[in-house]
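Structure record follows, encoded as structure tokens.
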Amino acid sequence: MATEPRTGRRLAEPSRRLEAVPAYMFAELERRIAEKRAAGVDMISLGIGDPDQPTFPHIVEAMQDAVADPSNHRYPSNRGREEFRRAFADFYAERFGVTVDPDSEVIPALGAKECIYNLCFAFLDPGDAALASDPGYPVYTGGPALAGADAELMPLRSELGFAPDLDAIPPDVLERARLLFLNYPNNPTGAVVPDGLFERAVELAREREILVVHDNAYSETTYDGYVAPSFLATPGAKEVGVEVFSLSKGYNMTGWRCAAILGNAEAISSYWRLKTNVDSGMFEALQLAGAAALAGPRGPIEEMNAVYARRRDLLVQALREIGVDVAPPKGTIYVWAPVPSGHTSASFAELVLEEAAVVVSPGSMYGPSGEGFFRISLTTPDERITEAVTRLREHLAAGAS
Ligand SMILES: Cc1ncc(COP(=O)(O)O)c(C=O)c1O
């Protein structure tokens, strides 16, 4: 990154760091949808992964009680309330068989997005690199750029089950790498972790002194009997890595901004040090509601997963009927599918938008290796999914085959 002072700068001119990062990708898609809706088009958005169902009632009730208690109204501590940290430790023990010390190995995060971004500031200097999956969640590339460092892309290889080939990372990149981002079940591909990937990541991290950051945004959203593991259950993982666990998707809590970072105590301590300078912690009522979510019944999660599985099957069948060959994902709220031949990601998304008034995300939005794919989110009510499926069949059967 250039360090010379800029000449002729304008008021409100963004920093070079900010200019290096494109506007968050969904902003443009939202603009297009709003434009069409204003013109009277009945758009169905299967773009963004934001659960359409409400947060489970026991969590809302815990929040209502906590919010009515004035002792929760003051500044929280960045370390988090004991109830929150202990609830995470108990949940990790029971759900994943992972032991976490609630005093030193877990602290709250205001959503996984914030956490990933701030980890970049805690661990990357200019000249350093973060290893980011391609395609991948955009903060793995935007975060390093904003921190003045580089994101080095690791193509996810479909023949490896959408894993990166960690042994193919060039030595000079490994030399600069300080962070390795992984995410399984995976956005956008819907892949679950391939055998041996977490183990190889631990080895590599040990060999090269790289901190592994596993983004566990989707472990509770799985299908067909698949149970997703925690990265921290991998032998040696806590020595080399952290996991970010978000309640956003699995508990229908995207608006609440509730997550935690768990694992390596030294890394968590650095993250905490950064956070004490950046924000003032998580609303204590939210911490208590988050604890209630983790300790609560699993029935609502299973019911949600049954809803997503039904939508997934509807979509997969419709896509197959219009000539798109797609495998049903075992996890996440996304179907990742190849575009029909003759199309790019962008041209197919455009066709679907114009012809069927259905929004899908072009795979290229998630990185160069996403080209040739598109992503559909399952977070739209059943009747709208059914309508979208009807439109896809009607409008695209001829053009796509
Ligand atoms: C892989 C991944 N990580 C993190 C997030 C954001 O999670 P949160 O709502 O906790 O910030 C998302 C949301 O789409 C995601 O797909």
Side-chain angles (χ1 to χ4, degrees), residues 24-27 29-30 45-53 55 59 80 84 88 106-120 130-144 151 154 156 162-164 179-193 212-222 228 230-231 242-262 271 275 278-279 282-283 286-287 289-290 293-294 308 329 331-336 360-361 363 365-367 370 373 375-380:
Y24 199 67
M25 58 180 190
F26 280 114
L29 215 50
E30 276 166 10
S45 177
L46 307 180
I48 297 175
D50 189 358
D52 54 304
Q53 298 296 306
T55 304
I59 306 172
F84 183 83
F88 260 98
V106 52
I107 55 174
L110 309 176
K113 188 174 187 180
E114 168 275 285
C115 188
I116 292 158
Y117 169 88
N118 277 319
L119 285 169
C120 296
L131 301 168
S133 302
D134 166 31
Y137 181 57
V139 185
Y140 310 145
T141 47
M154 304 180 293
L156 296 187
F162 288 109
L179 295 176
L180 164 61
F181 290 119
L182 293 175
N183 157 231
Y184 292 93
N186 180 261
N187 175 17
T189 66
V192 298
V193 64
V212 179
V213 177
H214 182 242
D215 178 1
N216 193 1
Y218 296 99
S219 61
E220 305 317 289
T221 307
T222 57
S230 161
F231 167 69
V242 290
E243 180 157 276
V244 187
F245 184 97
S246 170
L247 277 72
S248 281
K249 314 286 172 144
Y251 298 80
N252 294 346
M253 290 176 71
T254 45
W256 299 54
R257 316 311 303 134
C258 189
I261 178 169
L262 306 101
Y271 171 78
K275 289 273 287 176
V278 172
D279 64 56
M282 181 188 284
F283 182 25
L286 175 55
Q287 295 190 46
L294 294 172
Y308 290 139
T332 76
I333 45 181
Y334 310 111
V335 173
W336 181 247
V360 301
S361 311
M365 281 187 4
Y366 303 91
F373 291 87
R375 193 193 82 170
I376 286 184
S377 160
L378 304 172
T379 54
T380 297

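Counting starts at 1 for both ligands and their atoms, following the listed order.
- With sequence neighbours excluded, the residues forming a ring pair (Phe, Tyr, Trp, His ring centres under 6.0 Å) with Y117 are F121, listed by chain and number.
- The residues lining ligand 1, counting any heavy atom closer than 4.0 Å, are G111, A112, K113, Y137, Y140, N183, N187, D215, A217, Y218, S246, S248, K249, R257, Y334.
- The aromatic rings of F88 and F245 lie perpendicular to each other, with more than 60° between the two planes, well past the 30° mark.
- Residues Y140 and D215 bring a donor and an acceptor atom of their side chains to less than 3.5 Å of each other.
- Y334 has its ring centre less than 6.0 Å from the ring centre of Y218.
- The closest donor-acceptor contact from the side chain of K275 to the backbone of P108 lies at 3.5 Å or more, if one exists at all.
- T379 places a side-chain N or O within donor-acceptor distance of the main-chain N or O of D50, the cut-off being under 3.5 Å.
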